[in-house]
Amino acid sequence: MNAPTKSPPRKSESSRQIHPGSTTSKWEWVAAACGLLLVLGTLGYIVYYALTTEAKIPDITAEAIRTEPTRGGHVVQFRARNHSSTTAAGLQITGELRQGSSVVERSEITLDYLPPFSEREGGLIFQEDPARYELRIAPKAYREP
Amino acid sequence: MNAPTKSPPRKSESSRQIHPGSTTSKWEWVAAACGLLLVLGTLGYIVYYALTTEAKIPDITAEAIRTEPTRGGHVVQFRARNHSSTTAAGLQITGELRQGSSVVERSEITLDYLPPFSEREGGLIFQEDPARYELRIAPKAYREP
Amino acid sequence: MTTGAGSRANPGRERQFFIGLARAFAGSLIFALPMLMTMEMWWIGFWIDEWRLVILTLVLIPLLTVLSRFSGFKQTDGLVDGIVDAFVAIAAAAVMAIVVLFIFEVIRFGMPAREIIGKVALQTFPGSIGAMLARGQLSGEQQGSQDEEIAQDPSYPGELFLMGVGAIFIGLNVAPTEEIVLLSYMMGPWQVIALALLSLILMHAFVYAVNFPGQPQLAEDPGFWSLFMRFTVVGYAIVLLISAYLLWTFGRFEGADLEEVLGASIVLGFPGAIGAAAARLIL
Amino acid sequence: MTTGAGSRANPGRERQFFIGLARAFAGSLIFALPMLMTMEMWWIGFWIDEWRLVILTLVLIPLLTVLSRFSGFKQTDGLVDGIVDAFVAIAAAAVMAIVVLFIFEVIRFGMPAREIIGKVALQTFPGSIGAMLARGQLSGEQQGSQDEEIAQDPSYPGELFLMGVGAIFIGLNVAPTEEIVLLSYMMGPWQVIALALLSLILMHAFVYAVNFPGQPQLAEDPGFWSLFMRFTVVGYAIVLLISAYLLWTFGRFEGADLEEVLGASIVLGFPGAIGAAAARLIL
């Protein structure tokens, strides 16, 4: 790319200057096209998202995915999922082992953030065997980020 | 301080050097005036604020703004407001569903900061329908930042 | 004792090397210090996915080797020289990270090896880039700047590479912090788009500034669109890809949907774009 | 359009000023970006004690005025020029902080004025230092570095002032973060002493490096003790005082005893010492 068309005065002015026209190789334009596609795609999706989803009240569910006995107690792994386009920060998830209307054991955890349409996992640990009781896992509270 | 000892070669070397004294342009004075106004405004307001408001015990209220049923339970959105000039950090907000003197369901959330005269929003999630009970939302505790 | 710079005497060369090594330590300390004092970096050190740490370390070696061409201790000619330079930088950065983290009691005797290695390996990445840059920057003071610029004037891929290094460097500083995800949650989609546009405008302003250093008259410029497409847009695309890679490495995308991935990448891309654009000015 | 440099035509001067203003914006953005993305800086903005914020703002003006002598847009001769430069830098930094914080939704319509003003005023401090430095640094590329060095070669109080600016600058970056107090609690007293000694050693290494830039031969050096006492020890004392002042400003000393004050100052003094020493290299 040692442009022969480069005019002498400019050469001395700035060694950094990029030579116009003939010196731009094909590959530079290919790179430019890829970059343009990526940037436009990103912006386009965000615009599409902004137009199609409306911020509402967070709609959060939590469900147990498996239970395993360990030395420290019975670990119940759960997955919390946000079905809305609003972020819940400081999300409290509570698990209860119930027998009829009385609560045998309770456990609680805070998830820092549950972003829109995302899921996060965690675990609740009970000393009692969850298999012998009714297990309820539910989101309890959140704040705006 | 237009140093007479300045050697001639240096003068020609750098086109950047601006002649002292008269050279501060009109626009520079305009920009500087903006800066001065900003500084004076800031200082003035902050001093006025410091003199007229006295730091007292935080005076915080919390109120429900709307309730909506979701898959994970009934979400009660609330707004906490600080009516004092003291920041509350780690502010605990509790919501209770009551029937007479007995608490049917409780939910709690911590707000990181509630700055002076500001408001923050959050949500409490109940499995029971809040419409069927008496809903009480109240600040419970805070610490100094 | 007054052996000239051109002399090939052994003591002179060794002294040069030790001065270079001291500069490497200083550079890795200056550049890695903000990260050494970031709690998230300590924590990520032990919970980072092992394979992602391996990939990060493997990425580091070619990165440093190429970087040594632009700002290494000497005008690196061969590939071997570049690789040697890269490993010297890694060694300096690792020693520095171990010493500082040990004094900070972030690593201690009796900790599991996995935890110590994870913490040190993570800090070695920015530290070794800093070591490599410092050896070039600090040693460059002697030579006339005009002379040096001609010697190092990078080609188009070279320019893009330098922009990438700038983005990686600044990105590493902020990618592990909670603020990136917090900001992407706080900001609505329109703010995210505004931030992307601001990043593009600022990048272009820097690109423009580099191409016309200090010249008010703009005769014979290569054209707005040519500069904008070839440098600003491509550079910003690289910045976004690097941001997404860093966030993925630090496990910020677990269970995330596309909007979250793009939003966090744009937020991290803001400092990344400034870093990329500034890298062309500084390097 | 090809008015010579020596010409006193108005358009040239104004164009020069606008280029300088653009540089000031760029500099304030680059230097303040880490702080714009630090949550503690947002929070401190609303709970900082009003009088400490007033003191911080009052300290900024003389600081910038003196700094403009070393690295302002032009070789500032008069006091008035310096003050004008200082307020231009403040205006640029404030505008930049408002734009970025607004896009980040850290400031919003409807927030109490106290909260907005506190957040912006806090960010203006590092931003305006960055604006002032950038106008010097970025514009300095044209001139031969040798020439510039002669023009700006600072006196002994000037050197100490530059070290102080470096310490303030780096200190502002890390002082508001939780890591400083966390580290001072994590570290035992012996580690704190080791950190203070390491800071002194590193500072001295930098001081030494500045006095002999790239020169292997050490003939006619001013003597170890002279350098050590006049620059390293005095410099470190300044760093510790600045660290304590910043921590006090950010309310880190409420209800603290002397050991905690000293420990946190030494921890913050570590990056501060690196910043002070590096400032002499860079500025």
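Lettering follows sequence order; numbering is per chain, from 1. Just so it is clear, the values below take in all heavy atoms, side chains as well, and ignore hydrogens, waters and symmetry mates.
With rounding to the nearest 0.5 Å, the separation of CD in D/Glu178 from OG1 in C/Thr38 is 12.0 Å. Interatomic distance, CD of C/Glu105 versus CD of D/Gln191, reported as 3.5 Å (0.5 Å rounding). If you take CE on C/Met187 and CZ on D/Phe104, they are separated by 6.5 Å, rounding to the nearest 0.5 Å. Annotation: the span from D/Met37 atom CE to C/Leu182 atom CG amounts to 10.0 Å, rounded to 0.5 Å.
Contacts of residues 262-273 of chain D with chain C at a heavy-atom distance below 4.5 Å involve D/Val267, D/Phe270, D/Pro271, listed in sequence order. Listed in order of number, the residues of residues 39-46 of chain D that approach chain C to under 4.5 Å between heavy atoms are D/Met39, D/Glu40, D/Trp42.
Interface residue D/Leu29: only side-chain heavy atoms are found under 4.5 Å from chain C. If you measure heavy-atom distances from D/Ile103 to chain C, the contacts under 4.5 Å come from both the backbone and the side chain. Contact annotation for D/Leu33: only side-chain heavy atoms (C-beta onward) come within less than 4.5 Å of a heavy atom of chain C. In this structure, chain C has no heavy atom under 4.5 Å from any part of D/Leu36. With a threshold of 4.5 angstrom between heavy atoms, C/Ile170 does not approach chain D through any atom at all.
The side chain to side chain donor-acceptor pair (under 3.5 Å) search around C/Thr232 returns C/His204, not counting sequence neighbours. With sequence neighbours left out, C/Glu115 forms a salt bridge (Lys or Arg N to Asp or Glu O under 4.0 Å) with C/Lys119.
Contact tally against chain C (heavy-atom pairs below 4.5 Å) for D/Ile274, D/Ile180, D/Leu195, D/Leu183: the top residue is D/Leu183.
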